[in-house]
Q: 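Have a look at the structure that comes next, please.
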Amino acid sequence: MRFSHMLIPTTKEVPNDATLPSHIYLIRGGFIQNVGGSGLYNFLPLGKRVLDTVRAIAKEELDAAGCQEVDLAFVTPASLWEESGRYEKYGKELLRLKDRKENAFVLGPTHEEMMVNLVRHTVRSYKQLPINLYQIKTKFRDEIRPRFGLMRGREFLMKDGYSFHKDAEDMKINGFDNMERAYRRIFDRLGLDYRIVEADSGAIGGSGSKEFMVLAESGEDTIVVCDHCSYGANIEAAKRAPKPAPVYADDEAPEMTRTDFHTPGVTTIDALAEFFHIDSHHLIKAVAKKALYDEGVEKIVLFFIRGNDALEETKACNAVDANELIDISEEALRAAGLTPGYMGFNALPEGVIFRMDQELRGENNLIMGANRAEYHTIGVQMPDVSEHYADLVAVQAGDVCSHCGGTLRHTKGIEVGHIFQLGTRYSEPMGATFLDENGKAKPYEMGTYGIGISRLLAAIIEQHHDDRGCIWTPNTAPFAVEIIISNVKKEAEREAGEALYAQLKAAGVEVLLDDRPERFGSKMSDYELIGIPLAVVIGKKLAEGQAEIIVREGLDRVDHPVDTLFDAVMKRL
RNA sequence: CGGAGUGUGGCGCAGUCUGGUAGCGCACCUGCUUUGGGAGCAGGGGGUCGAAGGUUCGAGUCCUUUCACUCCGACCA
């Protein structure tokens, strides 16, 4: 391909809303173009080439793992979503629309319902199972806040796969584990440094899920990793060994008899710790939220955790089985009969539900709000009622790994893949069954598997760039090599460049020839910005029979005789 | 949705407070020179000032309404 004929609108200017390297370089390098803000992007020729490459790698590995590609309708009938119960639950990210006859549709953000519908009409017998279907298709999610370019657009290319099995064991082995292996191969081929972590199952439902996280400082997800073993988890699902009590000299661990204590003006954990001269480990923090349920039902819920812990909102949301948790104002708390700053789980007003962190179970000698103004209760003993307890807290850096006793730390990741063991979450409500060996109808055991194809372009660049631009990994680069003719008006340079270009093309190499009448500086800058792994510069050293070979990673340059350039390039590909 | 801000040629911005004939940089077009790190000179094209309404002799500027986008928090591949 000739640069002069290709639409590659590189710019010097940084788009003012772009903060991440991937966003900046993909725009500046002419890979993508923003469409009227708001998380919509056009893929220009360079971006399309990379996208197709990533897509092709995913397809190859999935097909090799026994999956079959299909292509489902993008506009999907709302009735299917009502069957699964997600029409309401999914929230505003789901773009709902009506046709001219007022029939309701949604733009598919994911396609569990569609795929179950496909299979329930076509698969009847256990003999046809397992089956694993996927598509690579544009999805639409009306994101609350699109940002970071391709990282969180509203429209994006996603591979979504679904497997159907006769029982849970087969789903785990031939579905879930098989996909984990396929995903490893895909991300390995893409050249990414990633980590597989335990994850929350979120809105899609089901149990047992893992995320593939590309490690990058700019990642939107916080992941917890162990510095000693291979444990890794999204903060939303991370576990730790119970937090040990502070170490006290001799027998100075606090002991108290239960009583209410006058604590005027002491409304924060820090103030409380200071007031009683006690480590916040022994305090109970109350975090109030409003939980939202289907059909507009709202409940006030209190979460009780240690004073030195922080609430992990996804865990908390799961603990009360809510669709969503939102913040609640102090006024609303007072209106419900609560006393901000002095809340505890004893003598709670009617209608307020609560959960306590599981690590508090069996503890005593704690201090907690007394549910009346200016009083805290000391010497609190935790009640022994199982349904009140759940895992609620965010694992903190320095906490202890529950697997090996090592130290946990936080790091940031970009979620590029997610695999779920779904079970019968969709097949059952949607009446999708097959006949088993005994002729009995059973719902399919399902797995579901996603890869953010367009997001991967951003993830690759987040991990592979320098201060000049992109550095594509060998298997993802839009071209394998770029030939830069320094000055196209010099016949000799032009001829040497054209000759090498013809040779490489004939050899089947994806090669870009920069034959533009630009100055050398702009061509080099564009090369560095676009980030093709290898370049050959035909320039002023041609007089001595030399050309220059540049490796984008590190920008190392070596001179090489022109007459053996072709072989030298081929050797480096 | 809560908080903050911005809408002016393709892109980035000034002009708005204090109303008086729309400007700068980049990009683009033409010509000449230049060609190893985003060139120089000369000439040129391109803007319903987000939208609607109002005040005024006169509105990019003042008032009202509205829309969109961006940034900081809750969603997810």
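Note on naming: letters A, B, ... go to the chains in the order of the sequence lines (proteins, then strands), and numbering restarts at 1 for each one. None of the values given here were measured: they were computed from a predicted structure.
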Q: Between A/Phe156 and A/Lys489, which has a closest nucleotide on RNA chain B that is more 5'?
A: A/Lys489
Q: Take the protein atom CD of A/Glu112 and the nucleotide atom P of B/rA77, then report the distance between them rounded to whole Å.
A: 9 Å
Q: Between B/rC24 and B/rG15, how far apart are the P atoms? Round to whole Å, please.
A: 15 Å
Q: Test for a donor-acceptor pair under 3.5 Å between the base of B/rG12 and the side chain of A/Arg28, counting only N and O atoms.
A: no
Q: Taking all heavy atoms of A/Gly29 and all of A/Ile8, pick out the closest pair and write down the distance.
A: O-CG2, 3.6 Å
Q: Atom NZ of A/Lys12 to atom P of B/rC11: distance rounded to whole Å?
A: 18 Å
Q: What integer number of Å spans the C1' atoms of B/rC75 and B/rC1?
A: 13 Å
Q: Please report, rounded to the nearest Å, how far the C1' atom of B/rA74 is from the NZ atom of A/Lys290.
A: 14 Å
Q: According to the interplanar angle, ranging from 0 to 90°, do the rings of A/Tyr449 and A/Phe176 count as parallel (below 30°), tilted (30 to 60°) or perpendicular (above 60°)?
A: tilted
Q: Using atom NZ of A/Lys523 as one end and atom P of B/rG36 as the other, report the distance to the nearest whole Å.
A: 10 Å
Q: Take the protein atom CD1 of A/Ile451 and the nucleotide atom P of B/rA77, then report the distance between them rounded to whole Å.
A: 12 Å
Q: Going by modelled atom types, is there a donor-acceptor pair between the base of B/rG38 and the side chain of A/Asp526 at under 3.5 Å?
A: yes
Q: When we call it a touch if two heavy atoms are under 4.0 Å apart, what does A/Arg468 touch: a base, just sugar-phosphate, or nothing?
A: base
Q: Of the candidate nucleotides B/rG36, B/rC75, B/rU35, which contains the atom at the shortest distance from the side chain of A/Asn487?
A: B/rU35
Q: If I take atom CZ in residue A/Arg516 and atom P in nucleotide B/rA27, what distance separates them, rounded to the nearest angstrom?
A: 13 Å
Q: B/rA77, B/rU35, B/rG36: which one has an atom nearest the side-chain heavy atoms of A/Glu415?
A: B/rA77
Q: In terms of side-chain heavy atoms of A/Glu13, which of B/rA77, B/rA74, B/rG25 is nearest?
A: B/rG25
Q: Do we see a donor-acceptor contact under 3.5 Å between the side chains of A/Thr314 and A/Asp200?
A: no
Q: Any strand is fair game: report the nucleotide pairing with B/rC69 by Watson-Crick or G-U wobble, both distances under 3.5 Å, or none.
A: B/rG5
Q: How far does the C1' atom of B/rU8 sit from the matching atom of B/rA59, given to the nearest Å?
A: 14 Å
Q: Is the shortest side-chain N/O distance from A/Arg145 to OP1 or OP2 of B/rG73 below 4.0 Å?
A: yes
Q: So, does A/Gln135 use its side chain to make a donor-acceptor pair with the main chain of A/Leu72 at under 3.5 Å?
A: yes
Q: Distance under 6.0 Å and angle within 45° of the ring axis: does A/Arg96 meet both against A/Tyr87?
A: yes
Q: Using a 4.0 Å heavy-atom cut-off, does A/Glu518 contact any base of the nucleic acid, only the sugar-phosphate backbone, or nothing at all?
A: base
Q: For A/Phe140 and B/rA77, give me the distance from atom CZ to atom P, rounded to whole Å.
A: 16 Å
Q: Under 4.0 Å, counting only non-hydrogen atoms across every strand here, what does A/Gly161 touch: a base, just sugar-phosphate, or nothing?
A: nothing
Q: For B/rU56 versus B/rC63, give the span between their P atoms, rounded off to a whole number of Å.
A: 16 Å
Q: Please work out whether the ring planes of A/Tyr183 and A/Phe187 are parallel, tilted or perpendicular, with thresholds of 30° and 60°.
A: perpendicular
Q: Side chain of A/Glu220, heavy atoms from C-beta onward: which of B/rC26, B/rA77, B/rC75 has the nearest atom to it?
A: B/rC75
Q: Parallel, tilted or perpendicular: which fits the ring planes of A/Tyr41 and A/His23, with parallel below 30° and perpendicular above 60°?
A: perpendicular
Q: Would you please say whether a donor-acceptor pair under 3.5 Å links the side chains of A/Thr76 and A/Glu113?
A: no
Q: With a 3.5 angstrom cut-off on both distances, give the Watson-Crick or G-U wobble partner of B/rC28, or none if there isn't one.
A: B/rG44
Q: Just by distance, no angles: are the side chains of A/Ser4 and A/Asp515 close enough, under 3.5 Å, to form a donor-acceptor pair?
A: yes
Q: Nearest-nucleotide wise, let me know which of A/Ser525 and A/Pro517 is further upstream toward the 5' end of RNA chain B.
A: A/Pro517
Q: Taking atom C1' in both B/rU18 and B/rG12, compute the distance separating them and give it to the nearest angstrom.
A: 27 Å
Q: B/rC62 pairs with which nucleotide, Watson-Crick or G-U wobble, both distances below 3.5 Å?
A: B/rG54
Q: Let's see if you can work this out: which of B/rC76, B/rG25, B/rG38 has an atom nearest to the side-chain heavy atoms of A/Arg141?
A: B/rC76
Q: Is there a donor N/O on one and an acceptor N/O on the other, under 3.5 Å, for the side chain of A/Arg152 and the base of B/rC75?
A: yes
Q: Counting only Watson-Crick pairs (N1-N3 plus N6-O4 or O6-N4) and G-U wobbles (N1-O2, O6-N3), all under 3.5 Å, who is the partner of B/rU34?
A: none
Q: Of the options B/rC75, B/rA77, B/rG36, whose atoms approach the side-chain atoms of A/Val537 most closely?
A: B/rG36
Q: How far does the P atom of B/rA68 sit from the matching atom of B/rU16, given to the nearest Å?
A: 29 Å
Q: Starting from P on B/rA77, measure out to CG on A/Asp221 and report it in whole angstrom.
A: 10 Å
Q: Give one of base, sugar-phosphate or nothing for A/Glu493, where a contact means two heavy atoms less than 4.0 Å apart.
A: nothing
Q: B/rG20 and B/rU33: how far apart are their P atoms, nearest whole angstrom?
A: 46 Å
Q: Taking pairing as Watson-Crick or G-U wobble with both contacts under 3.5 Å, can you name the mate of B/rG23, or confirm there isn't one?
A: B/rC13
Q: Could you work out the separation of B/rG54 and B/rU61 based on their C1' atoms and round it to a whole Å?
A: 15 Å
Q: Of the options B/rC75, B/rU34, B/rG36, whose atoms approach the side-chain atoms of A/Arg519 most closely?
A: B/rU34
Q: Need one value for A/Gly539: base, sugar-phosphate or nothing, where a base atom within 4.0 Å counts as base even if backbone is also close, heavy atoms only.
A: base
Q: Any side-chain N or O of A/Arg147 under 4.0 Å from OP1/OP2 of B/rG73?
A: yes
Q: Touch check for A/Val488, heavy atoms < 4.0 angstrom, all strands: base, sugar-phosphate only, or nothing?
A: nothing
